[in-house]
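Right, one structure below, let's go through it.
FYI, the numbering just counts along the sequence from 1. In each ligand, atom 1 is the first atom listed, and ligand 1 is the first ligand listed.
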Amino acid sequence: MLTVNKTLGVLCRLPKWQIHGFLRSFTFRPGKQFLHKLVLGIETSCDDTAAAVVDETGSILGEAIHSQTEVHLKTGGIIPSVAQQLHRENIEQIVKKTLCASGVTPNELSAVATTVKPGLALSLGVGLEYSLQLVNQYKKPFIPIHHMEAHALTIRITNKVDFPFLVLLVSGGHCLLAIVQGISDFLLLGKSLDMAPGDLLDKVARRLSLIKHPAYSTMSGGKAIEHLAKQGNRLHFDFQHPLHYCRNCNFSFSGLQTAVDKIITQKEKEEGVEKGHILSCAADIAAAVQHTVASHIAKRTHRAILFCQQRGFLTPSNAILVVSGGVASNLYIRRTLEIVTRATNCVLLCPPVKLCTDNGIMIAWNGVERLRAGLGILYNTEGLRYEPKCPLGVDISKQVGEASIKVPSLKI
Ligand code: KG4
Ligand code: ZN
């Protein structure tokens with residue numbers, strides 16, 4: 001009894017997806033009858049080859065991932081043909097590893113869900129080609145997945161979040177604010193006019209030569225900046241906040257990139273440090289950049305919340321902001337957003353870090369959501385193509401701009 005109580009105590013403190021994993025270690029499968037529908041998710045839209053099997057209840061039966069980060073760090077950015085080659089080399093073993101960890105055969109799957117948009121053409125092509133071969137061989141339905149829709153719905157694996165909710169998606173390729181009204185029913189409030197925040201942080205990390213620092217050499221740029229910033233003083237540098245006078249929910253990061261680049265060049269001259277070596281003020285620059293990114297994101301999100309509240313998109317009793325995508329792993333950015341949600345009586349929800357960055361679980365889960373709702377399930381895949389560029393939802397950003405909401409300043 002004591003052991004049972006202890007186990008229950010541990011379980012209560014774990015997030016739902018870990019609980020399922022824990023329980024599964026005890027699961028017996030009489031005659032291997034699965035009670036729930038199973039979806040295999042495959043993700044190859046950028047630089048991660050990932051797969052997972054998730055059931056209808058959100059239980060993760062197995063997963064595997066091969067990250068290309070270290071290779072791309074060495075080449076100074078993602079070279080699409082290199083990413084394609086690495087996906088080709090890894091996809092089969094990643095899917096096999098996933099099925100093996102799940103204890104599931106392809107015949108037992110209810111469907112295969114794969115990212116087909118948006119992303120790098122050469123990378124998307126590998127996942128799609130492999131998936132189509134699999135569904136044709138095993139006569140399974142195919143569910144094409146929008147990568148950003150998957151990031152937005154991930155939270156519903158771990159938390160009970162009903163529609164509608166507000167979502168902020170911040171990653172290496174995207175930055176957008178949207179109202180999620182249903183599984184594939186989005187209203188776009190604003191997006192980046194140029195680059196994504198993850199892309200900016202990756203470029204700043206590269207410009208600061210953090211790859212030469214043993215502590216940061218294998219981390220993604222964003223993660224390296226977050227860690228380095230802890231040792232810096234953000235007040236030593238003051239970067240202008242982007243789009244300060246535009247009362248909409250769009251984002252911009254390219255001006256900040258130019259300003260950071262200029263400062264680094266100036267400091268290299270002052271310190272007599274050659275390009276490619278680490279500056280003594282690198283941590284201060286990292287802290288100031290991270291702060292400017294966080295403040296910019298917070299300001300636009302604050303306006304989006306006020307817009308949603310004004311127009312009745314978010315109910316006062318259930319106003320939820322979900323933040324996801326690789327950059328949502330950043331705790332400084334999360335804490336900054338918490339200041340905004342507290343001031344606006346909203347609840348901030350972020351998936352666990354592991355589910356914020358690209359993974360196969362979110363794709364499989366998106367497949368589960370679509371399977372349950374009977375949305376976009378293909379029994380014939382003829383003529384199906386991947387789409388490197390693909391907007392998300394109905395764009396109402398013009399209405400947001402026209403509302404011209406002034407955001408009260410918050411102490412960040
Ligand atoms: O969602 P994701 O895995 O891939 C895309 O869909 O883009 O996001 C990857 C991005 C990279 O730019 C990476 O530098 C950034 O997320 N990232 C972070 C952190 N961890 C990953 N950015 C800031 N702080 C982090 N801790
Ligand atoms: Zn992503």
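- Between the side chains of Gln93 and Asn90, at least one donor N or O lies within less than 3.5 Å of an accepting N or O.
- When non-hydrogen atoms are compared, ligand 1 lies under 4.0 Å from the side chain of Leu201 (C-beta onward) but not from its backbone.
- Between the side chains of His147 and Glu43, a donor-acceptor pair is found at a separation under 3.5 Å.
- Listed by atom number, the atoms of ligand 1 under 4.0 Å from Glu226 heavy atoms are 24 (N), 25 (C), 26 (N).
- For the pair Ser209 (side chain) and Lys212 (backbone), a donor-acceptor distance under 3.5 Å is absent.
- Using a 3.5 Å distance cut-off with no hydrogens or angles, the side chains of Asp284 and His236 do pair a donor with an acceptor.
- Looking only at protein heavy atoms, the nearest one to atom 9 (C) of ligand 1 is Gly172 N, 3.8 Å.
- Between the side chains of Glu270 and Gln266, at least one donor-acceptor pair of N or O atoms lies under 3.5 Å.
- Atoms of ligand 1 found under 4.0 Å from any heavy atom of Gly222, numbered from 1 in the order shown, are 14 (O), 18 (C), 19 (C), 22 (N), 23 (C), 24 (N), 25 (C).
- Side chains of Asp358 and His151: a donor-acceptor N/O pair is present below 3.5 angstrom, by distance only.
- Residues satisfying the salt bridge (charged side-chain N to carboxylate O under 4.0 Å, His left out) criterion with Arg247, sequence neighbours excluded, are absent altogether.
- Listed by number with element, the atoms of ligand 1 under 4.0 Å from a non-hydrogen atom of Ser220 are 13 (C), 14 (O), 17 (N), 20 (N), 21 (C).
- Taking each of Asp48, Asp202, Val204 in turn, the one with a heavy atom nearest to atom 12 (O) of ligand 1 proves to be Asp202.
- Remark: ligand 1 atoms within the under-4.0 Å shell around heavy atoms of Gly198 are 12 (O).
- Checking Thr115 against Ser45 by side-chain atom types alone, no donor-acceptor pair falls below 3.5 Å.
- Contacts with ligand 1 closer than 4.0 Å are made by side-chain heavy atoms of His147 only, the backbone lying farther away.
- Residue Cys46 places every heavy atom at 4.0 Å or more from ligand 1.
- Under the 3.5 Å distance criterion, with hydrogens and angles disregarded, a donor-acceptor pair is assigned to the side chains of Gln290 and Asn330.
- Of the protein's non-hydrogen atoms, the one nearest atom 4 (O) of ligand 1 is Asp358 OD2, 3.0 Å.
- Protein N/O/S atoms closer than 2.8 Å to the Zn ion (ligand 2), listed by chain and residue number, are His147 NE2, His151 NE2, Asp358 OD1.
- Those atoms of ligand 1 with a heavy atom of Gly173 less than 4.0 angstrom away are 7 (O).
- Judged by the shortest distance from any of its heavy atoms, His151 lies inside the 4.0 Å radius around the atoms of ligand 1.
- In this structure, a donor-acceptor pair under 3.5 Å is present between the side chains of Arg207 and Thr265.
- Between the side chain of Gln309 and the backbone N or O of Thr344, at least one donor-acceptor pair lies under 3.5 Å.
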Problem - Verdict with reasoning, His296 to Phe253, per ring pair (Phe, Tyr, Trp, His ring centres under 6.0 Å) - result: CA-CA 9 Å; His296 178 48; Phe253 299 94; 5.3 Å; yes
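- Among the atoms of Gly326, some N or O lies under 3.5 angstrom from an N or O of ligand 1.
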